[in-house]
Structure formats: structure tokens, C-alpha cells
Amino acid sequence: MSLRLYDTAARAVREFVPLEPGRASLYLCGATVQAAPHVGHIRSGVCFDVLTRWLVARGYAVTFCRNVTDIDDKILAKAALEGRPWWAVTAHYEREFAWAYDVLGCLPPTVEPRATGHVPEMIELMDTLIAGGHAYPVDGDVYFDVSSYPAYGALSGQRPDQMQPAADSEGDTRKRDPRDFALWKAAKPGEPSWPTPWGRGRPGWHLECSAMAGKYLGPSFDIHGGGLDLVFPHHENEIAQSRSAGGEFARYWVHNAWVTTSGEKMSKSLGNSLLVREVVKRVRPVELRYYLTAAHYRSMIEFSFEALEETAVGYRRIEGFLARARERLAPGEVTGADLSSARPPEFDAAMDDDLGVPQALAVVHETVRQGNAALAAGELAAVRRAYAQVLAMTDVLGVNPYAAPWDERSALDGAATGRWRTIVDDLVAARIAERAAARAAKDFAAADRIRDALREAGIDLVDEPDGTRWTLAEPS
RNA sequence: GGUGGCGUGGCCGAGAGGCGAGGCAACGGCCUGCAAAGCCGUGUACGCGGGUUCAAAUCCCGCCGCCACCUCCA
């Protein structure tokens with residue numbers, strides 16, 4: 001079986017056949033860097049990180065391009081509001097996004113181009129479109145002529161004659177048709193601008209993605225991704241531009257669903273943003289990632305801290321098994337190249353089926369259950385197998401507690417390395433020994449005092465058949 | 001007006017014609033000084049009404065409810 005993906009354009013699951021065997025090219029509409037990322041923004045990053053990881057796991061050489069939109073109306077408005085230059089605003093929020101992607105374990109894209117760095121490519125594209133009769137300049141603006149592209153609306157299922165006229169088109173006599181969209185906006189006083197054959201101005205939103213996708217991935221590439229709300233108009237317009245300029249453009253369109261709170265789409269206008277920076281103060285980043293990953297990427301997530309906590313308990317179960325297995329196995333058995341190929345076939349089948357992460361996680365949990373049973377029975381060969389499988393599977397999902405960036409951060413990690421770990425291990429071992437003596441003497445009050453004191457210090461003690469283990473307590 | 005989606009047990013969340021995914025919670029048991037963890041076991045769920053079928057959560061028809069997109073959106 002090979003990978004199948006739901007293609008928005010086809011409204012069906014299609015077998016993924018890359019343009020070039022063994023290679024996959026992917027463009028993702030990244031952030032407009034005008035505010036700090038909330039959970040909904042980062043879900044997109046996480047979804048496509050899982051897709052990328054799965055393509056890599058399936059042996060594809062992946063070229064992943066995720067753009068940064070660093071010029072648009074909202075950025076200019078934000079700059080005015082914050083009283084600092086627009087480029088200071090974009091630099092600031094670009095760092096916020098980079099931090100959020102990193103803290104949630106999203107692998108860095110192959111290339112992360114900025115819109116403002118690709119004005120020459122945009123001018124070239126507009127030249128081509130104007131020459132081909134698909135665009136027209138008016139007083140420094142450049143508009144795309146929707147009527148010149150008969151397939152307009154095919155991606156989103158919109159029929160141009162049924163669409164509501166754009167809110168900003170009233171009284172706008174420069175457009176030939178209210179549905180035409182701006183490729184380029186003429187400079188207004190005080191706004192940043194770049195020189196073009198049609199006068200100074202700045203990029204329209206849609207043009208940049210066509211220009212950058214073309215530059216880095218070529219006129220044809222495999223997958224174009226983004227949030228569901230980008231289907232129309234953004235992706236529709238990208239298609240119109242790029243195809244009118246002669247390219248095939250994206251061959252598969254993949255869209256992730258959004259995150260809602262209280263049944264409403266998360267957005268700044270509703271004032272219910274859950275900033276990544278705030279959420280990871282309440283839960284570990286890996287748990288937020290697990291929560292965002294656990295739902296199918298095309299299902300809406302109704303965000304709540306209660307649901308997040310509950311899901312996190314399930315993740316801790318996985319971590320718990322891994323930590324116990326790791327202690328039981330010989331050091332040479334817990335690392336090794338063969339671990340990556342240890343995924344159960346059912347897991348791969350689930351992932352191949354339009355990234356069926358929920359089913360894939362069912363395989364993970366089933367393996368954990370078997371592993372725990374093997375641990376209890378002392379069947380080390382089975383423990384080793386389950387350990388390798390769980391590691392390989394969590395790796396694909398980006399939640400392997402022993403892989404970057406979680407390896408140094410995992411609160412439940414019973415085997416993390418490093419000097420602090422060694423030091424704490426020695427100190428706690430002494431207290432565990434004291435407590436063992438107390439228990440042997442049936443002085444349970446003394447034994448419980450030691451356990452309570454350690455708990456107070458943030459260390460949980462767990463008695464197991466072959467001894468007492470300690471873990472860092474979950475922050476409460 | 002146009003387009004698309006959703007409704008599954010106490011909760012989260014898959015599945016898309018035929019043996020009840022998985023997790024969380026709950027209950028019973030094993031283990032245990034206690035606790036925790038772990039293991040074993042326990043559920044007659046698919047918005048409503050019709051229909052097709054040997055068989056429907058899944059297909060068809062009609063309703064009801066919720067949500068999103070239609071030039072700011074991840």
C-alpha cells in the first residue's frame with residue numbers, strides 16, 4: 001500500500017504519485033507575522049510536520065517550503081498601533097512563530113522564504129500575466145482578471161457568478177470586475193514600497209505564494225498545504241495566477257481543519273486566542289503537540305484544557321512504558337539504527353490512509369499494552385520489540401520523548417542523561433534506601449514521611465516488584 | 001443566495017454495509033504495608049423519521065440541530 005491523501009481539489013482521497021519518483025515537494029502557507037501564534041496557527045505547522053515526517057519515513061527526499069508573509073495590510077496597521085516600524089513588527093513576530101514551531105517539535109522547512117525578499121520574482125510573474133492578457137495595471141495597482149481564467153472557482157467549488165461581491169469593491173472603479181483581485185497595490189504615502197514598471201507599490205497577498213512556490217519548487221510540484229480557511233480565496237487565486245502563467249502548480253491540495261473554542265473558530269477578532277506561549281505554561285509542549293496531533297488533521301478540534309489534560313494522560317502512559325522498558329533493557333538495546341524500521345504494518349497502513357493518526361495511535365497504545373504485559377512477565381525479547389516499535393512510531397508523529405526537542409525536557413523521563421540527573425539520582429537513591437529500611441522494619445509512618453517529603457520536592461516514588469523508581473512529578 | 005463540513009457510549013475520538021479502534025473516566029479482580037503504575041475483565045454508542053438489504057453507525061430520501069467559507073484568516 002502506498003500513501004493516499006485527501007485532495008481538496010478532487011474532493012476525494014487520491015493515491016500520492018509524486019512528480020519525480022522518490023522525491024516529494026511541499027509548499028505550506030505559513031504565517032502572516034503580525035501577531036503571536038495561537039494554538040490554531042500552530043496546528044497547521046504540526047499537521048504538515050507530521051506529513052513531512054511520514055513522507056521521510058516512507059523514503060521520500062522532501063523539499064519543504066514554508067513561506068513567511070512579512071508585508072500586508074494588517075502588518076502595517078499593527079505597526080501603526082504599536083508605534084514601531086513595520087519591519088520591527090515582522091521581525092518580532094517571525095521570531096515568535098519560529099519559537100513556537102521549535103517548541104512544538106516541528107522540523108525546520110528546507111527553505112523559509114519571505115515575501116519581501118521576492119519582489120523581482122513577483123514582477124516577473126506579473127509581467128507574464130499582463131503579457132498573456134490575464135492581468136492589467138491601473139494607476140499603479142495590478143489586478144488579476146478573473147474572467148481570463150475559466151476554471152476560476154474549481155478548487156473551492158465556487159461559481160464566480162454566485163459569489164458575493166467583495167466588501168472593498170464598492171465604489172472601486174479601477175477593477176474591471178468586482179471579483180478581480182489585487183496582485184500588486186500602488187504605494188500610499190508613508191507605506192513601504194518597491195519599484196516596479198507600473199510605479200512603486202507593495203505585494204498583494206496572493207501573488208507572493210505563486211512567486212515563491214515557483215522559485216523554489218518549480219512550475220509543478222507535489223503538495224500545497226494550508227489551513228482550510230485558505231481554500232478560498234487565497235489558494236483559488238494562487239491557482240489562477242500560476243496556471244495562467246503557464247505552470248501546472250500544485251498537484252495535490254491538502255488542508256487542515258481549524259481549532260475552535262466554545263464551538264467557534266479561534267481568531268483574534270473573537271478575542272479568544274490561546275497563545276502557544278500561554279498554553280505551554282500550563283501543559284508540557286510535547287503534550288500540546290500530542291493533543292494537536294491525536295485528532296485527524298481534517299477534523300476540527302474543540303480546544304479545552306480539560307480535553308488536553310485528559311489526552312496528556314494517555315501520552316504519559318506511553319512515556320511510562322518507554323521509561324520502564326529503558327531501565328530494564330541493556331544500554332545497547334535502547335539505541336540503534338534498527339529502531340526506525342520497527343514500525344508495525346498496521347501503523348504504516350493507518351498513516352498511509354490519509355494520515356490516519358487516530359488509528360495509528362491505537363496501534364501505539366496496543367503496543368504499549370503488550371509491552372507493559374511483557375514487562376510484567378519478564379519477557380525481555382518482547383519488551384525490546386515493543387520498545388523499538390513505540391519509539392519508531394512516536395518518532396514519526398514527532399512525540400518520541402527521547403528525540404529532539406523533548407529528550408532534555410521530558411518530565412517523566414526515568415533515564416535522561418546529564419549531570420543533574422546523576423546528582424539527583426544519587427541523592428534520591430540514599431533516601432530510597434532509608435525508606436526501604438523503614439519499610440523492612442514495618443515502620444510505614446517513617447517510610448511515608450520520606451515519600452511525602454520527596455513529593456513535596458517534586459519527586460514521585462513508585463514501588464515496583466524489583467525496586468523503587470523515581471520520576472519528576474507532574475507540575476500541579 | 002452559493003459552497004463545504006459536522007452530529008458516535010459519562011467525556012475525547014476513529015470507522016464508512018457484516019465479528020463493538022483507541023484513550024480518559026467508572027466498576028470488579030490480580031499485585032501491593034499504603035499509594036501509584038501495570039495487567040485481566042466489565043459497555044448492547046452512532047441526531048430524528050422513513051426506505052434499500054439476509055445484514056445499515058455506514059447506502060438512499062426527508063427532517064432537525066450546529067459550524068465554517070464566499071476577497072482579513074492556519
Side-chain angles (χ1 to χ4, degrees), chain A residues 8 11 28-32 34 37-48 72-74 77 146 153 156-169 178-182 204-206 225-234 236-237 255-260 263-269 291 294-296 298-302 304 306-318 320-321 324 346 350 353 356-366 368-369 371-377 439 442-445 447-448 451-452 455 460-465 469 471:
Chain A
T8 306
R11 284 175 194 73
L28 174 62
C29 286
T32 299
Q34 52 92 25
H38 58 58
V39 173
H41 290 126
I42 212 66
R43 182 186 187 189
S44 185
V46 168
C47 285
F48 286 94
D72 89 325
D73 293 348
K74 286 166 100 172
V146 166
S156 57
Q158 305 285 332
R159 296 217 319 279
D161 57 323
Q162 294 281 3
M163 295 190 315
Q164 291 182 351
D168 64 357
S169 65
R179 287 168 286 263
D180 289 353
F181 56 90
W205 175 36
H206 314 295
L228 197 53
D229 40 9
L230 294 181
V231 174
F232 193 92
H234 185 50
E236 196 73 72
N237 291 355
H255 292 99
N256 64 278
W258 45 75
V259 179
T260 62
E264 289 181 281
K265 191 174 125 189
M266 186 176 290
S267 73
K268 280 187 64 78
S269 59
Y291 176 65
H296 187 94
R298 288 194 286 119
S299 295
M300 187 178 84
I301 294 178
E302 167 66 26
S304 73
E306 292 69 29
L308 172 51
E309 289 289 354
E310 201 178 286
T311 307
V313 174
Y315 180 68
R316 289 173 207 154
R317 178 179 154 80
I318 298 171
F321 162 67
R324 286 189 296 276
E346 302 79 37
D353 184 11
V357 174
Q359 295 155 88
L361 278 176
V363 178
V364 172
H365 277 103
E366 174 62 22
V368 165
R369 207 206 85 245
N372 277 327
L375 224 31
R439 290 174 73 204
K442 303 272 188 225
D443 183 358
F444 297 120
D448 290 347
R451 186 167 63 189
D452 292 345
R455 180 67 186 76
D460 277 340
L461 254 36
V462 179
D463 297 322
E464 298 201 336
R469 297 173 53 243
T471 60

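Order of the sequence lines sets the chain letters (A, B, ...), proteins ahead of strands, with each chain counted from 1.
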Contacts of Ala376(A) and Ala307(A) projected onto RNA chain B by closest heavy atom; the upstream (5') one is Ala307(A)

Is any side-chain heavy atom of Ile301(A) closer than 4.5 Å to a side-chain heavy atom of Tyr291(A)? yes

Look at Ser299(A) and rA14(B) and indicate whether a side-chain polar atom (N or O) is within less than 4.0 Å of OP1 or OP2. yes

Can you tell me if the side-chain N/O atoms of His365(A) get under 4.0 Å from OP1 or OP2 in rG22(B)? no

Between rG5(B) and Trp258(A), is there an OP1 or OP2 to side-chain N/O distance shorter than 4.0 Å? no

Write down the distance separating the P atoms in rG23(B) and rC60(B), rounded off to the nearest Å. 32 Å

Side-chain N,O (Arg298(A)) to OP1/OP2 (rC6(B)) below 4.0 Å: no

How far does the P atom of rG22(B) sit from the matching atom of rG43(B), given to the nearest Å? 13 Å

Say we look at rA14(B) and rG50(B): how far apart would their C1' atoms be, to the nearest angstrom? 28 Å

Interatomic distance at P, rG7(B) relative to rG15(B), whole Å: 10 Å

Side-chain donor-acceptor contact under 3.5 Å, Ser44(A) with Asn256(A): yes

Using the P atom as the point on both nucleotides, what is the distance between rG13(B) and rA55(B), in whole Å? 33 Å

For rC39(B) and Asn372(A) - does any side-chain N or O of the residue sit under 4.0 Å from the phosphate oxygens OP1/OP2? yes

Quick one: which of rA21(B), rC73(B), rC72(B) gets closest to the side chain of Asp229(A)? rC73(B)

Side-chain contact, heavy-atom cut-off 4.5 Å: His38(A) with Val259(A)? no

Protein within reach of the bases, or only the backbone? For nucleotides 24-36 of chain B, mark each nucleotide 5' to 3' as B, S or -, using heavy atoms under 4.0 Å. B--------BBBB

Check every atom of rC39(B), rG13(B), rA74(B) against the side chain of Ala295(A) and return the nucleotide holding the closest atom. rG13(B)

Base, sugar-phosphate alone, or nothing: which one does His296(A) contact when heavy atoms must sit under 4.0 Å apart? sugar-phosphate

So that I can tick it off, tell me whether Asp452(A) and Arg455(A) are bridged by a salt bridge, with the cut-off set at under 4.0 angstrom between side-chain N and carboxylate O. no

